[in-house]
Number of protein chains: 2
Amino acid sequence: MSDFFVQKLRHGASLSEDDERALRALCMNVDKFDPQNDVTMEGDKPKSIKLVLEGWACRYKLLENGKRQIISLFLPGDMCEPYMTLPQFMDHSLGTLTPVTVARVSPEVIKAVARERPQIEKALWWDLLLAMAMGRESIVTLGRRSASERLGHLFCELHVRLDKVGLVDGLGYEMPLTQSNLGDLLGMSTVHVNRSLQELRAAGLVTMHGRRVTILNLEGLRSTSLFDPTYLQSYTQA
Amino acid sequence: MSDFFVQKLRHGASLSEDDERALRALCMNVDKFDPQNDVTMEGDKPKSIKLVLEGWACRYKLLENGKRQIISLFLPGDMCEPYMTLPQFMDHSLGTLTPVTVARVSPEVIKAVARERPQIEKALWWDLLLAMAMGRESIVTLGRRSASERLGHLFCELHVRLDKVGLVDGLGYEMPLTQSNLGDLLGMSTVHVNRSLQELRAAGLVTMHGRRVTILNLEGLRSTSLFDPTYLQSYTQA
DNA sequence: AAAATAACATAACATATGTTAAAGCCGTAT
DNA sequence: ATACGGCTTTAACATATGTTATGTTATTTT
């Protein structure tokens, strides 16, 4: 039973049994997608909010010169859009990185649930504000961090995010991104991703075998990557 | 009478006279700041939402290595935080770039107004979603655009944003950022800002004299900068 | 007017990152 | 088993951007 969505939102507000049932009831319309597929394309007029139940997806944009930038990652439990208002048309695309299960939720239904259940409204706002904080940190990363700092920072962020939905075991986690994906996400070339990954490995901070990331020295990785988890916590209630 | 806030929100929802009065009534508590000052510092526990009535401000973060990244610009009429929830503590700072007039608005008051006046709630959401769209575009800019593309893209975006609040005349607008500010905003060194500015000038696209930007060739600037204004419009209702 | 300050401009040089290409690796399908 | 395709790794080289330093210009202060 994939319950990542509820598991995530518990961090944003304390939910009753009824709240959790109401959240699960939102996830009735489910679609499955293969890797590297578009869930929603730029220009589409979306009719539903997308919710990633399982697998990894992303928000991305293609430039006219052919370059691609991944704007944000969606991990299991992540919502792709704020619950209140859908755009007239998408200014970006949503695509899968692995096999993905998506729930399509009608904005009217989710708005009604939020109106009736204050804790759910609170949790949805928390989710939105957290996504915004992560977006701000991405700007800092892309503007002012070096290539290996970017990679290290990403691994630290994923460690925190995946831990919130129970997908970290011991020192590591499954990380299904290719080096080309990492390049599109961190604004660098595939070759340089490879080089920088080797730097981190040589420094004894992280290793990647296959799809698995193992953090060998969390404190070291955090400090060399200038990772300060504050931005992931500043909206979390005491 | 500086009315930029109302003028901006009109683009997000059609507001009645009463709506506009209610918005103006929010702007009672006003502070003035000198240039290069902090309105709110990282770590602060904010008690009010900040609204830039006049002047230019920004959201920024300082890294441990001393580097600074400006995350977003606030132009006259811009709100610095979403109306619904304030953070437990700031994960970034808000600072002025010019002399700035700020209104401090209590979240309870603004929430109450939004609840009673659906068009205001709609406009506030529109404002938030627009800010998010601009944040996404910043990620694309920092990740995948060259230095001169970044500058050109910024000038195009400012042209659209300032036009919405009546601050564009003819071909240009007042742009009070120093080259060092531009570097912090676009993730590049001051020297390289200067170089890239000269490229744009040499290409006959833009000039800067003093604090004034003049766009000589809007179509040319937009296409060389890969500027597509879609992201500024996708939440605007028909 | 002189001095102080901030911003802008230019140059020479260092370095991080991009580009292209080829080789090795590994899982999957035939 | 073989071949194929995607991913990773490595190398050599090109280039964009950063760094440091100094000069220039404008603006304010005294």
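The list of salt bridge (charged side-chain N to carboxylate O under 4.0 Å, His left out) pairs with a residue in residues 29-46 of chain A, not counting sequence neighbours, reads A:Asp31-A:Arg104. Applying the salt bridge (charged side-chain N to carboxylate O under 4.0 Å, His left out) test to residues at least two apart or on different chains, the pairs with a partner in residues 202-213 of chain B are B:Asp169-B:Arg212, B:Glu174-B:Arg212. Sorted by first and then second residue, the salt bridge (charged side-chain N to carboxylate O under 4.0 Å, His left out) pairs involving residues 147-163 of chain A (not counting sequence neighbours) are A:Asp78-A:Arg161, A:Glu157-A:Arg161.
Distance CG (A:Leu177) to C1' (D:dC7): 13 Å, rounded to an integer number of Å. The separation between B:Leu197 atom CG and C:dA9 atom P is 7 Å, rounded to whole Å. Distance, B:Asp34 CG to C:dA6 C1': 16 Å, rounded to whole Å. Note: CZ (B:Arg211) to C1' (C:dA7) measures 8 Å, nearest angstrom. Spacing between atom CG of A:Leu182 and atom C1' of D:dT9 amounts to 15 Å, rounded to whole angstrom units. Between the CD atom of A:Gln179 and the P atom of D:dT10 there is a distance of 10 Å, rounded to whole Å.
In terms of phosphate contacts, A:Gln198 brings no side-chain nitrogen or oxygen within less than 4.0 Å of OP1 or OP2 of D:dT9. The shortest distance between the side-chain N/O atoms of A:Asn194 and the OP1/OP2 oxygens of D:dT8 is not below 4.0 Å.
Partners of B:Thr224 according to the side chain to side chain donor-acceptor pair (under 3.5 Å) rule, which considers only residues two or more places apart in sequence or in another chain, do not exist here. Applying the side chain to side chain donor-acceptor pair (under 3.5 Å) criterion to B:Thr40, with sequence neighbours excluded, gives no partner residue. Take A:Ser72 and apply the side chain to side chain donor-acceptor pair (under 3.5 Å) test, not counting sequence neighbours, and it matches A:Arg59.
Counting all heavy atoms, side chain and backbone alike, B:Leu232 lies closest to B:Thr236 at O-OG1, 4.2 Å. Here the shortest heavy-atom pairing between B:Phe33 and B:Thr96 reads CB-CG2, 3.6 Å.
One end of the helix from C:dA1-D:dT30 to C:dT30-D:dA1 points its axis 40° away from the other end's axis, with each axis taken from 5 pairs and the angle rounded to 10°.
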Which atom pairs, donor and acceptor, lie under 3.5 Å between side-chain atoms of residues 180-195 of chain A and protein residues at least two apart or in another chain?
unit_1   : atom_1 : unit_2   : atom_2 : d
A:Asn181 : ND2    : A:Thr178 : OG1    : 3.2
A:Asp184 : OD1    : B:Arg144 : NH2    : 2.9
A:Asp184 : OD2    : A:Arg68  : NH1    : 3.4
A:Ser189 : OG     : A:His192 : N      : 3.2
A:His192 : ND1    : A:Arg195 : NE     : 2.9
A:His192 : ND1    : A:Arg195 : NH2    : 3.3
A:Asn194 : OD1    : A:Gln198 : NE2    : 2.4
A:Asn194 : ND2    : A:Gln179 : OE1    : 3.0

Each nucleotide of nucleotides 13-27 of chain C classed B (base within 4.0 Å of a protein heavy atom), S (only sugar-phosphate) or -, in 5' to 3' order, makes ----BBBB-------

